[in-house]
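Here the structure comes first, spelled out in structure tokens, and everything after it is commentary.
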Amino acid sequence: MVEIELDGKKVQVPPGSMVMHAAEKVGTYIPHFCYHKKLSIAASCRMCLVDVEKAPKAMPACATPVTMGMVVRTKSDKAIKAQQSVMEFLLINHPLDCPICDQGGECQLQDIAVGYGGGASRYEEEKRVVMPKDVGPLVSMQEMSRCIQCTRCVRFGQEIAGVMELGMSHRGEHAEIETFVGQSVDSELSGNMIDICPVGALTSKPFRYNARSWELGRRKSVSPHDSAGANLIVQVKNNQVMRVVPFENEDINECWIADRDRFSYEALNGAERLTQPMIKQGGQWKSVDWQTALEYVANGLKTIKAEQGAQAIGLLASPHSTVEELALAGALVRGLGSQNIDSRLRAADFDNAAADGEARWLGLPIAALSDLQRVLVVGSNLRKDHPLFAQRIRQAARKGAQVNALNESVQDWALPVANTLVADATSWTQALAGIAAAVAEFKSVAAPVAAQADDAARAIAASLIGGDKKAVLLGNAAAHHAQASSLLALAQWIAQETGASFGYLTEAANTVGAQLVRALPGQGGLNAGQMLAGGVKAALLLNVEPGADTAIDGKALANAEMVVTLSPFKTNLDISDVLLPIAPFSETSGSFVNAEGRLQSFHAVVKPLAETRPAWKVLRVLGNLLGLGGFAQESSQDMLAQVLPGVAHGEFVSAARLSNRTSAAIDTATAAAKPCVASIYQLDALVRRAGSLQLTADALAASEVSA
């Protein structure tokens, strides 16, 4: 450790640290713009100039390495005058538009100018003007005259997002940040550029001019999309969600969120929201009160059970639903005497389930992804399926990790991929068996199944045998594969022989939680595929849109005697008999269990819209109307305590309940069909209805493919 003196305090920091790091350690604030703890050092703004003893001039704290015995003063006249001079230069060309700037009230330049800026400017020349640029539907570059060329956005693209979409062109006063020849900013993490911009140059296009920062209430929440479980701050005005930004959590999302976490809130305020219960009568939809709708559903379920038996009733639940909702859904179906409940909507191999009460999971902590030295990703478009996991693996690759892939095509993950084994999705078991055979060759052990190893398989095997921290990760396509059991068994064998962890990236916010609370068919119960194919006479759809959320289009449900849709949106109009408006994540309390098995609870950030009600309350009342026991919960917390006792917010569920172990036999025959995987902005009902997300290059490309 190196010891320095900072404003009279002794500080010890690791060799190679900068003065800024020492200041952070003791809580001393040094004004800065270009420095960011997650980005490389640029030292371009010079706002962090400090007085270093024996140095002839003020030195930038972010780029001055510490030396033993160094004496630094951050509040001396020399330091203050240097910082004031820099601030004067920065404000020469800055437009005087704070009253209309979206960054007003949370602007780093505005805050520091109060302490270090002058009361009047000595410059009378005209200010320079930078022309606005259209870079896509999410990030606004309309006021680039405000830019101070800190290059945070440029470095973010290069280092975190993995794509240098922005850069600085020209020199001197003509320098400006822009895209290459008018291209758009298309990264799935692009919204983070808005957060790290210290001025109002980059702003949110959907939020633009909608509210001032001091008008917004700020409430914590958890992302309902992919399995990272990103922590959010949801900003609210007049009982309406206006903006979503990240809440820093180093163990999960660090200080970043994906664009679908940030901009999907548009759907919460959209025209497609369902605001009243509705019943179809004579082919026409009519709005009714809750009592009428729930009694209609209860009586219908009783009649179908009496006439055709409990096994004629089934429930399909989205893994984006909360732990409490899924637990009550399971209790409702089983209370009626049926075992027909499933949340594996896109799966094709329904035998690939963990033991009762256990769950398939990531196999290691999310934070450990950043430190992997070797990784094999099977069946995943990593960058688009799991943007925050990809970001962590990208950081591992920057530190020298070797990333390997088994996929249907070579994909751009915006990170260096050492080896890619390309194989048709129907032949992935043969390809993964080839990697296992190559590992067996290197280790001089018997392979788990007879297979041929080609050069690509040997290269991946050689990579996995090296290094210390390793993982074999199965993506969404592998989880939904018709031979998912075989893929898991092969991954398990490869991991055992190479000393790696293995597990699933897991698709949805609550894929792990759904397994833990048994949102799966019991003994003799029908799976999602069988129910969607018409195996039930009464179907309850919890946050499910057949076709969009499922591998099977579900048109056969139109032949059922009763279909009840519980959704925040007007959907399934062609197959449903009843629509019940339930609250999205922003209007209900609940919990998700993310890919690493961490339970995260959240509260409603706004009141339910119109007649919307939290799904757990709807299911509880329906259970009471059906005369079922165990439906007396007063709150979602009561329900959580019943199904996951002793697990508090932020804690991991018991390690005994997380298992990727399998004893499945390995079948390397060619699969009958390719797996069903949702594209990045078709994952769930919220992102599908977020207008700005649907205008992105990723969404437009996906719509062209589906068309």
Pairing of R688 and D549 as salt bridge, 4.0 angstrom limit = yes
Ionic contact status for R219 with E587, cut-off 4.0 Å
no
Original post:
After noting the C-alpha distance and the side-chain angles of M141 and L202, does the key distance pass the side-chain contact (heavy atoms from CB on, under 4.5 Å) rule?
Top reply: CA-CA 5 Å; M141 295 180 73; L202 301 180; 3.4 Å; yes
query: Charged N to carboxylate O below 4.0 Å: is that the case for K674 and E408?
result: yes
Please determine whether the number of non-hydrogen atoms from other residues, nucleotides or ligands lying under 6.0 Å from atom NZ of K555 exceeds 12. no
Would you find a donor on one side and an acceptor on the other, under 3.5 Å apart, between the side chain of S221 and the backbone of L232?
no
(request) State, with a plain yes or no, whether a side-chain heavy atom of Q391 is found less than 4.5 Å away from one of L189. (result) yes
Please tell me if the side chains of V245 and V234 come closer than 4.5 Å, counting only heavy atoms from C-beta onward.
-> no
Inset, instruction - Apply the test side-chain contact (heavy atoms from CB on, under 4.5 Å) to residues Y504 and V512: give CA-CA distance (whole Å), side-chain angles for both, the deciding distance (0.1 Å), then the verdict. - result: CA-CA 10 Å; Y504 287 98; V512 175; over 6 Å; no
- Query: Does the side chain of S204 come within less than 4.5 Å of D102's, by heavy atoms?
  - Reply: no
One should read off an interatomic distance between L619 CG and L566 CG, to the nearest 0.5 angstrom, of 6.0 Å
In this structure, CG of L332 is separated from CG of L622 (nearest 0.5 Å) by 5.0 Å
**Chi angles and distances behind the side-chain contact (heavy atoms from CB on, under 4.5 Å) call for N510, H320** = CA-CA 5 Å; N510 207 25; H320 299 277; over 6 Å; no
Between S591 and the options Q600, Q637, E324, the side-chain hydrogen bond (donor to acceptor under 3.5 Å, both in side chains) test singles out E324
Discussion item. Donor-acceptor check, side chain of T565 to backbone of S567, threshold 3.5 angstrom: yes or no?
Written reply: no
The reported gap from CG in N249 to CG in N231 (rounded to nearest 0.5 angstrom) is 4.5 Å
* With no hydrogens and no angle check, is any side-chain donor or acceptor of Q284 less than 3.5 Å from a backbone partner on K280? -> no
For this session: Quick one: do F247 and C255 satisfy side-chain contact (heavy atoms from CB on, under 4.5 Å)? Show the steps, please.
Result: CA-CA 7 Å; F247 179 76; C255 56; over 6 Å; no
field: S184-D186 side chain donor-acceptor pair, cut-off 3.5 Å
entry: yes
Closest heavy-atom pair, A293 versus P277, reported as atoms and distance to 0.1 Å, is CB-CB, 3.7 Å
Output for pair (S140 OG, R208 CZ), nearest 0.5 Å, gives 4.0 Å
(message) Taking A425's backbone N and O only, do any of them form a donor-acceptor pair with H481's side chain (distance below 3.5 Å, no angle check)?
(response) yes
Heavy-atom nearest pair, G513 first then V323, reads CA-CG2, 4.4 Å
Notebook entry, point to check: Quick one: are V677 and R346 in side-chain contact, heavy atoms under 4.5 Å?
Noted result: no
### Task
State whether F631 and R620 meet the cation-pi test: NZ (Lys) or CZ (Arg) under 6.0 Å from the six-membered ring centroid, and within 45° of the perpendicular axis.
no
Determine, step by step, whether E215 and K237 satisfy the salt bridge (charged side-chain N to carboxylate O under 4.0 Å, His left out) criterion, reporting the C-alpha distance in whole Å, the side-chain angles of both residues, the deciding distance to 0.1 Å, and the verdict.
CA-CA 7 Å; E215 298 176 311; K237 177 184 176 183; 3.3 Å; yes
- Item | Test item: H480 and R344 side chains (from C-beta on) under 4.5 Å apart, heavy atoms | no
CG (L336) and NZ (K302) are apart, to the nearest 0.5 Å, by 10.0 Å
Practice prompt. Go through the side-chain N and O atoms of E611 and T275 and say whether any donor and acceptor fall under 3.5 Å apart.
Written response: no
Checking the side chain of N381 only, and the main-chain atoms of H386 only, is there a donor and an acceptor separated by less than 3.5 Å?
no
Residues S692 and L138: closest non-hydrogen pair is CB-CD2, 3.7 Å
**Asked** Does A414 offer a backbone N or O that forms a donor-acceptor pair with the side chain of D412 under 3.5 Å?
**Response** yes
Note: Q235 and L216 closest approach over all heavy atoms is OE1-CD1, 3.2 Å
Of V517, T506, L644, V647, the one forming a side chain to side chain contact (heavy atoms under 4.5 Å, CB included) with V593 is L644
**Item:** Expected output: side-chain H649 to main-chain S601 donor-acceptor under 3.5 Å
**Value:** yes
Worksheet item: Is the side chain of N192 donor-acceptor paired with the backbone N or O of I257 at a distance under 3.5 Å, no angle test?
Response: yes
Is it true that R689 and E272 have a side-chain N and a carboxylate O under 4.0 angstrom from each other? yes
Discussion item. Given 3.5 Å as the limit, does a donor-acceptor pair link the side chain of N253 with the main chain of W256, or not?
Written reply: yes
Quick test of your reading of the model: are K205 and D134 salt-bridged, counting only N-O distances below 4.0 Å? yes
Handout entry: E266/R273 under salt bridge (charged side-chain N to carboxylate O under 4.0 Å, His left out): CA gap, chis, key distance, verdict
Key = CA-CA 11 Å; E266 287 184 296; R273 284 295 303 271; over 6 Å; no
Note: L542 and L315 closest approach over all heavy atoms is CB-CD2, 4.5 Å
Considering only NZ, NE, NH1 and NH2 on the basic side and carboxylate oxygens on the acidic side, decide whether R518 and D356 come within less than 4.0 Å. yes
Item checked: Basic-acidic side-chain contact under 4.0 Å: R260, D226 -> yes
pair F569-L274: side-chain heavy atoms closer than 4.5 Å
no
Does the ring center of F602 lie less than 6.0 Å from the ring center of F592?
yes
In this structure, CG of L294 is separated from CG of L625 (nearest 0.5 Å) by 6.0 Å
Closest non-hydrogen atoms of T588 and A583, given as atom of the first, atom of the second and distance, are CB-CB, 4.0 Å
Compute whether any side-chain donor of one residue and acceptor of the other, for N340 and Q311, lie under 3.5 angstrom apart.
yes
Q.
Would you say R360 and Q515 are linked by a side-chain donor-acceptor pair, where the criterion is simply a distance under 3.5 Å?
A. no
Q) Is R262 paired with D195 through a side-chain N to carboxylate O contact shorter than 4.0 Å? A) yes
Inset, instruction - Report yes if the side chains of P206 and Y265 come closer than 4.5 Å at any heavy-atom pair, otherwise no. - result: yes
Apply the test side chain to side chain donor-acceptor pair (under 3.5 Å) to residues D259 and S190: give CA-CA distance (whole Å), side-chain angles for both, the deciding distance (0.1 Å), then the verdict. CA-CA 7 Å; D259 286 350; S190 66; 2.7 Å; yes
- Message: Within the 4.5 Å heavy-atom criterion, are L268 and S586 side-chain neighbours or not?
- Response: yes
Per side-chain hydrogen bond (donor to acceptor under 3.5 Å, both in side chains), N543 is matched among S343, S318, S321 by S321
Without swapping roles, check the side chain of Q694 against the backbone of Y681 for a donor-acceptor pair under 3.5 Å.
-> yes
